[in-house]
Amino acid sequence: MKILVPVKRVIDYNVKPRVKADGSGVDLANVKMSMNPFDEIAVEEALQIKEAGNAEEVVVVSIGPAKAAETLRTGMAMGADRAIHVATDEEVEPLAVAKILKAVVEEETPGLVILGKQAIDDDSNQTGQMLAALLGRPQGTFASKVVVEGDSVAVTREVDGGLETVKLAMPAIVTTDLRLNEPRYASLPNIMKAKKKPLDAKTPADYGVDIAPRLKTLKVAEPPVRSAGIKVENVDALVAKLKEMGVA
Ligand code: AMP
């Protein structure tokens, strides 16, 4: 079995995003970019399934600008076998990403596609679900545990007050939640080895997908600045203060 892992290059999760002065979006100039954290978890899970003898190959795919190739190299340094880079400088919305991934899936025929549950830049949480719908395949989303059993996969998700497990017939689509695993770091020798692994260069046109945006961003704004709190001496002072503010 082959596992396909879509990985997105996003603003690093440690960076505090700045909104552009004209409110048209987030300023990405000179900002550290990294693999979407949920996608690192997806790569790790695919590698663990391969290491357990349940898959032969892990392929990473990214749709994005030239630098997305660096993100793919990171995936290969973690252990993925090869990569597909669908190059575009346009912003690609989840529906267009899902359409491109559908075409990649039809070409590669993976038994599992493991995506992040959401990309932390746009927080859409749509691509995996759209891909499953476009392909007419079973989906298990927000996985906190994934167990491959023959030609099916059991996917557990944390729900209010417990755990829910669904069993999917493969080929299937899975999206990862934060507690699924701890992604490995790439070692220096593996970073060197990754430079020699195959990276296929494609474009959206190769897959016949129109990536023209369907959505228009009206305005992006910083969250309102919170005013500083005050400290009170004791409970009596707290109650008096709450009464004064009209909330008690
Ligand atoms: P989203 O629906 O945008 O929140 O993204 C969910 C998941 O879809 C991500 O965690 C990735 O696994 C995948 N994905 C989204 N955009 C891309 C992209 N441009 N290239 C590769 N994978 C992507």
Side-chain angles (χ1 to χ4, degrees), residues 3-13 17 25-26 28 33-47 58-76 78 80 82-105 107-108 110 112-135 137 139-144 146 155 157 172-181 183 199-207 209-215 217:
I3 304 178
L4 184 72
V5 185
V7 295
K8 187 176 187 188
R9 180 179 173 85
V10 296
I11 185 165
D12 188 89
Y13 72 98
V26 170
L28 294 179
M33 305 286 282
S34 303
M35 186 187 295
N36 182 41
F38 292 105
D39 305 353
E40 286 184 349
I41 294 171
V43 173
E44 175 64 37
E45 195 63 21
L47 295 173
V58 175
V59 182
V60 281
V61 54
S62 192
I63 299 135
K67 291 219 161 178
E70 288 174 17
T71 309
L72 290 167
R73 292 280 172 213
T74 305
M76 291 191 285
M78 287 174 73
R82 63 184 170 89
I84 303 168
H85 179 204
V86 185
T88 173
D89 286 328
E90 303 300 318
E91 200 166 315
V92 192
E93 291 170 0
L95 179 60
V97 173
K99 286 179 182 172
I100 293 171
L101 293 178
K102 174 178 185 269
V104 175
V105 166
E107 216 167 82
E108 296 281 342
L112 269 178
V113 185
I114 310 182
L115 305 91
K117 76 166 177 185
Q118 72 193 60
I120 61 162
D121 52 358
D122 54 19
D123 278 342
S124 294
N125 174 14
Q126 294 176 343
T127 309
Q129 295 89 328
M130 285 177 168
L131 176 64
L134 291 173
L135 287 164
R137 298 257 171 93
Q139 59 178 301
T141 53
F142 296 31
S144 61
V146 174
V155 178
R157 152 206 277 243
I173 314 297
V174 171
T175 73
T176 60
D177 210 342
L178 210 54
R179 274 186 288 274
L180 178 59
N181 60 44
L199 190 152
D200 235 5
K202 301 277 194 181
T203 67
D206 290 337
Y207 297 107
V209 175
D210 168 18
I211 58 164
R214 304 285 200 278
L215 307 171
T217 301

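Remember, it's 1-based here, ligands and their atoms both numbered in the order they're listed. From a predicted model like this one, the values you see are computed outputs, not experimental measurements.
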Quick one: look up the protein heavy atom nearest atom 14 (N) of ligand 1 and list residue, atom name and how far away it is. V97 CG1, 4.2 Å
Does ligand 1 have an atom under 4.0 Å from some heavy atom of V61? yes
Can you confirm, on distance only, whether ligand 1 has an N/O atom lying under 3.5 Å from any N/O atom belonging to P6? yes
Can you tell me how far the NZ atom of K99 sits from the CD atom of E93, to the nearest 0.5 Å? 10.0 Å
Passes side-chain contact (heavy atoms from CB on, under 4.5 Å), E107 versus Y207? Steps please. CA-CA 10 Å; E107 216 167 82; Y207 297 107; 3.9 Å; yes
Could you report the tightest heavy-atom contact between T175 and G128, atom names first, then the distance? CG2-CA, 4.0 Å
With nothing but distance in play, are any N or O atoms of A119 less than 3.5 Å from an N or O of ligand 1? yes
heavy-atom search around atom 3 (O) of ligand 1 in the protein gives D122 OD1, 3.3 Å
Would you say E44's side chain and N181's backbone share a donor-acceptor pair under 3.5 angstrom? no
Checking contacts here: is it the side chain or the backbone of V7 that comes within 4.0 Å of ligand 1, counting heavy atoms only? Could be both or neither. backbone
Minimum-distance protein heavy atom relative to atom 6 (C) of ligand 1: G116 O, 3.5 Å
Just to check, does D39 reach to within less than 4.0 Å of ligand 1 when the distance is taken from its heavy atoms? yes
Given T127, V113, V60, which one has a non-hydrogen atom that is nearest to atom 8 (O) of ligand 1? T127
Is a side-chain N or O of T176 found less than 3.5 angstrom from the main chain of F38, in a donor-acceptor match? yes
Using a strict 4.0 Å cut-off to heavy atoms of N36, name the atoms of ligand 1 that fall inside it. 9 (C), 10 (O)
Counting non-hydrogen protein atoms only, what is the nearest one to atom 16 (N) of ligand 1? Give residue, atom name and distance. K8 CD, 3.4 Å
How would you list, by chain and number, every residue that makes a side chain to side chain donor-acceptor pair (under 3.5 Å) with T141, sequence neighbours excluded? R157
In terms of heavy-atom contacts, P110 and V113 come closest through CG-CG2, 4.0 Å
What is the nearest protein non-hydrogen atom to atom 13 (C) of ligand 1, stated with its residue, atom name and distance? L115 CD2, 3.9 Å
Any donor-acceptor N/O pair, N36 side chain to V10 backbone, under 3.5 Å: no
Applying salt bridge (charged side-chain N to carboxylate O under 4.0 Å, His left out), name anything that partners R179, two or more places apart in sequence or on another chain. E158
Can you check whether I63 has an N/O within less than 3.5 Å of an N/O in ligand 1? yes
Among V5, I84, L199, V7, whose side-chain contact (heavy atoms from CB on, under 4.5 Å) with S62 holds? V7
N125 neighbourhood, listing ligand 1 atoms whose heavy-atom distance to it stays under 4.0 Å: 1 (P), 2 (O), 4 (O)
Give yes if a backbone or side-chain nitrogen or oxygen of D123 is under 3.5 Å from a nitrogen or oxygen of ligand 1, and no if not. no
